[in-house]
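Both counts, for ligands and for their atoms, begin at 1 and track the order of listing.
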Amino acid sequence: MDFKTNLAGIPLEHPLMNAAGTCKLIEGPEGVKELARSAAAAIMVGSITLEPRAGNEGDIYYSEEHFSLNSLGLPNPGKLYYKKYLPEMAAIAYDFGKPLFVSVAGFNPHEYAVLAGLAINSGADLVELNLSCPNVWDNGSQKRIACFDLSLIQEILFQVIERVGLEAKLAIKISPFSDPFLFNELAKLIHCQNLIYGLNVVKVITAVNTFPNAISFNKGKPVITIGDGLAGLAGPALKPIALGQIRQLRGVLPESIDIIGVGGIACGQDVLEYLLVGANAVQIGTSFLSRGAKVFSEILAELV
Ligand code: RRO
């Protein structure tokens, strides 16, 4: 059976790839090589930030049968590292005939623009603007999650386009929206941008990032030890939420904007459900972390 697909015109052998935040666990070009050798159809690197970040300290990842929680805090070696190694990563992906995608996370619109420019100049086929990291804490207060502030999204897109031009393939990754009206507002923003520039500026939406600020206890103590125990929820519990998000997005977006589904995919049936609600491709996070790179061939075999 043929599961060929494409994202923003980039052909993919099938819809499966890793979610952002998973490649960097195997650091650098070696991580990309492992994914290149796996059955994943594309390779996602990042999220990357301007400055190197050690990430949060303490118990920052927890996983059980029904969900995972994380408060990693954007650990990554920063812009200078990626300036040196991204071209090599892109070359590895190219050698294996796979596209390289890069997820970027700024702390303001200028940083998104600089990082998107770095990714494109280093050979990335697509830049995923991570507008939805829930886990950045500063002196006990949480940084605003960008996707909930539509004027901030607008400014980020404006500065990114100024930097990378209209040819660059841009995706945005959002958190789950519990207010259904927000989908209309996001679609309107995207529509206005398209009118201004005369083409699809955002070519792909990745839905969804982890559900922010979940908490779970073990023996009376939060399993995550930073941010009062609050952390991003992923895994099987996120799947029905993510499927609903994609169905709603598909209802308000033009067909020309593609959707990557992500949340709790663990088997071929899960992928089919994502395709049924309108996803063009899917990303695998929690299952990749627990099962390793063989997860792509296992799920692909079930799908076929
Ligand atoms: O690094 C993280 O804590 C993190 C990120 Br950047 C993200 O986008 N989503 C998430 O659940 N964790």
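Using a non-hydrogen distance threshold of 4.0 Å, Gly73 registers as a contact of ligand 1.
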For Asn70 and Tyr62, run side-chain contact (heavy atoms from CB on, under 4.5 Å): C-alpha distance rounded to whole Å, both residues' side-chain angles, the deciding distance at 0.1 Å, then the answer.
CA-CA 6 Å; Asn70 88 81; Tyr62 173 83; over 6 Å; no
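Looking at Ser71 next to ligand 1, no N or O pair under 3.5 Å apart turns up. Considering backbone and side-chain N/O of Ser47, none are found under 3.5 Å from N/O of ligand 1. Looking at Leu74 next to ligand 1, an N or O pair under 3.5 Å apart turns up.
If you look at Asn130 next to ligand 1, the close heavy atoms, those under 4.0 Å, all belong to the side chain. Using a 4.0 Å cut-off between heavy atoms, Pro134 contacts ligand 1 through its side chain alone, with no backbone atom that close. Residue-level proximity to ligand 1 for Asn209 is carried by the side chain, the only part with a heavy atom below 4.0 angstrom.
With hydrogens and angles left out, the side-chain atoms of Asn280 and Thr5 include no donor and acceptor closer than 3.5 Å. For Gln283 and Glu128, the side-chain atoms include at least one donor-acceptor pair closer than 3.5 Å.
Every atom of ligand 1 is numbered from 1 in the order shown, and the set under 4.0 Å from a heavy atom of Leu72 is 1 (O), 2 (C), 3 (O). Set against the non-hydrogen atoms of Asn135, the atoms of ligand 1 under 4.0 Å away are 2 (C), 3 (O), 4 (C), 10 (C), 11 (O), 12 (N). Within ligand 1, counting atoms from 1 as listed, the ones closer than 4.0 Å to a heavy atom of Thr210 are 9 (N), 10 (C), 11 (O).
Heavy atoms from other residues, nucleotides or ligands lying under 6.0 Å from CG of Asp149 number more than 12.
Salt bridge present: Glu273 and Lys239 bring a charged side-chain N and a carboxylate O closer than 4.0 Å.
Between the side chain of Asn130 and the backbone N or O of Ser103 there is no donor-acceptor pair closer than 3.5 Å.
Between Tyr112 and Phe107, the distance from one ring center to the other does not fall under 6.0 angstrom.
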